[in-house]
2 protein chains.
Amino acid sequence: MANSDSGESIIARFVRILSAFDDRHQTMSVAELGRRTGLPVTTTYRMVNELLLERLLEREPGGEVHIGTRMWELVSRGSKMVGLREAALPFMEDVQSVVQHATTLGILDSDEVLYIERIGTHSTVVDISKIAGRLPLHATSSGLILLAHSPAAYQDVILARPLTKYTDTTLTEPAVLRRHLADIRQRGFAAMPGVIVPETTGIAVPVFGPDNTAVAALSVIVPRTEEHTAARVPVLMAGARGVSRALGWRGELKGTVRQSQ
Amino acid sequence: MANSDSGESIIARFVRILSAFDDRHQTMSVAELGRRTGLPVTTTYRMVNELLLERLLEREPGGEVHIGTRMWELVSRGSKMVGLREAALPFMEDVQSVVQHATTLGILDSDEVLYIERIGTHSTVVDISKIAGRLPLHATSSGLILLAHSPAAYQDVILARPLTKYTDTTLTEPAVLRRHLADIRQRGFAAMPGVIVPETTGIAVPVFGPDNTAVAALSVIVPRTEEHTAARVPVLMAGARGVSRALGWRGELKGTVRQSQ
DNA sequence: ACGGCGATTACCATTGAACGGGAATCACGA
DNA sequence: TCGTGATTCCCGTTCAATGGTAATCGCCGT
């Protein structure tokens, strides 16, 4: 695909470069970037310069580089994420104002939950969901909601894999999980106490798109000591219906998750 | 830079492809993408396939493509925008809840205002700011705030350019603008009635970063019939100070805009 | 001032990935 | 059935990309 010894395409290398940046390393020297990506020095510098030309990367006064404004702009303008986020945000705020704990919006991507948005306090509760962060399907309430509304064939694939047991309440038995999924699908919500972090409980409900598939999961993360699940589910559901309607949803029947890869 | 007849690098073509997607065209067939980018057919298909491999683009059931989740994820995770947005959002909500009109957060980028975030009703007021949208510096309250806190040399550059007169209240005279900028800088806010759309007034205040430079502008857009500028400025200022502090700002002195490019 | 070390830039011969025209194939509606 | 457009396949040409080596810059400690 490319001229490189390793047989990588430029695009692949570009992804490697982008991947080198995360919330912990949003800016770094080109040399460090080279080390993190494992690319040859010269190649790193050449590519960085090309990317700087297009403003996909930007150079700081000190010489360090970070992901460019242009990059964010192009992606935000053309991506469907922003639309989903914008549709959901007002309702998330409503939910958040009532529940008073972290509220998140997640989608199913590459067999994981990808969190699109999250609002609410950062510190009151131990919670590891962050924007653009990923968590496994079987160990989060959002993941279980998304899985529950997925085609059976897809569920089978996921359940057939080795499932990490994060805490002693994490479900890893395919048969048990399958029963849970049926439950979740029928009741319309997933409440999972401490499946990934012992101290917290996640409660999630599905958000539907126009084609009646579950496109996202709306969830709240509350301390396990004050779950009040029964009281909180209706709030979440109302919010999720609001989001669904904002997305053009009209129906009533339960649907299946739209797969993205 | 590349092997193409046009002498374009792959990166440049990649940008062309990304640019082909916007809020009006978030998904399209590969053929249409080829037409919009002006790239040769074969090249378009080859590149699209490469991008699909890396999940920078995604293919829909119908065969159309759109910007991939991976793309959004990589950028959101590594970009500083998200941090700024997250810091600002709670305060923007406070402002919005009081003002009850569109509230926006914009930064200075490439001699324009780039809107990072906006919340509030979509329909009550004619307003053209949208997330990842751009507007000129001299014709928006946010732009004037950012400009007012920029180095004099930069102001000169901008004011020396031909400035479009959108409405009859749009200021285009360098001398007049310069006086306004001084005013704005001193008072700490910019209130511009109908400079770009006759029916609305924008009110903006600066957000400062740790180094005491103005990193963003917080603004509200209200119908011109109910400005209440005097009453609204304090709310905005309180919000902006909150954001500034969340960003690590401590100082009190007025600073200058941090340039990006 | 000097010396050492890492970051950055400059140079350059090699080569295979990228290129794109053209034709075949597929998809779908008339 | 035909026609139009989207998509894939094929393939010879070529120069952009590659990455090693070496020079240069910049900073810190002595």
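Here is how names work: the chains are called A, B, and so on, in the same order as the sequence lines, proteins then strands, and each is numbered from 1. The shown structure was predicted, so the numbers you read here are calculated from the model rather than taken from an experiment.
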Write down the distance between CZ (A:R13) and C1' (D:dT18), rounded to a whole number of angstrom.
8 Å
Less than 4.0 Å between a side-chain N and a carboxylate O, is that true for B:E60 and A:K80?
yes
Grab the two heavy atoms, one from A:A139 and one from A:I196, that are nearest each other, plus how far apart they are.
O-CB, 3.6 Å
When rounded to whole Å, the CD1 to P distance for the pair B:I10 and C:dC19 reads 5 Å
Take atom CD of B:E60 and atom P of D:dT7, then tell me their distance rounded to the nearest Å.
13 Å
Look up atom CD1 in A:I11 and atom CZ in B:R13, then write down how far apart they are to the nearest 0.5 Å.
11.5 Å
Sequence neighbours excluded, which residues qualify as side-chain hydrogen bond (donor to acceptor under 3.5 Å, both in side chains) partners of B:R59?
none
Nucleotides 25-30 of chain C: protein proximity per nucleotide (B base, S sugar-phosphate only, - neither; heavy atom, under 4.0 Å)
------
Which pairs count as ring-ring contact (aromatic ring centres under 6.0 Å, His included) when at least one residue sits in residues 33-77 of chain B, sequence neighbours excluded?
none
May I ask you to test the B:R245-B:R250 pair for a side-chain heavy-atom distance under 4.5 Å?
yes
Contact list for residues 24-49 of chain B, test salt bridge (charged side-chain N to carboxylate O under 4.0 Å, His left out), sequence neighbours left out
B:D22-B:R36
Between residues 41-48 of chain B and DNA chain C, which residues have a heavy-atom gap below 4.0 Å?
B:T42, B:T43, B:R46
Modelled atom types, side-chain donor and acceptor of B:R70 and A:S110, under 3.5 Å:
no
Quickly work out the A:L52 CG to C:dT9 C1' distance and round it to whole Å.
14 Å
B:E50 CD - C:dG20 P separation (whole Å):
13 Å
Phosphate contact (C:dA7 OP1 or OP2) by A:R35 side-chain N/O below 4.0 Å:
yes
Quick one: ring-ring contact (aromatic ring centres under 6.0 Å, His included) pairs with a partner in residues 12-32 of chain A, sequence neighbours left out?
A:F14-B:F14
Rounded to the nearest angstrom, tell me the gap between atom CG in B:L33 and atom P in D:dT8.
13 Å
Expressed as a whole number of angstroms, how long is the span from B:M28:CE to D:dA6:P?
13 Å
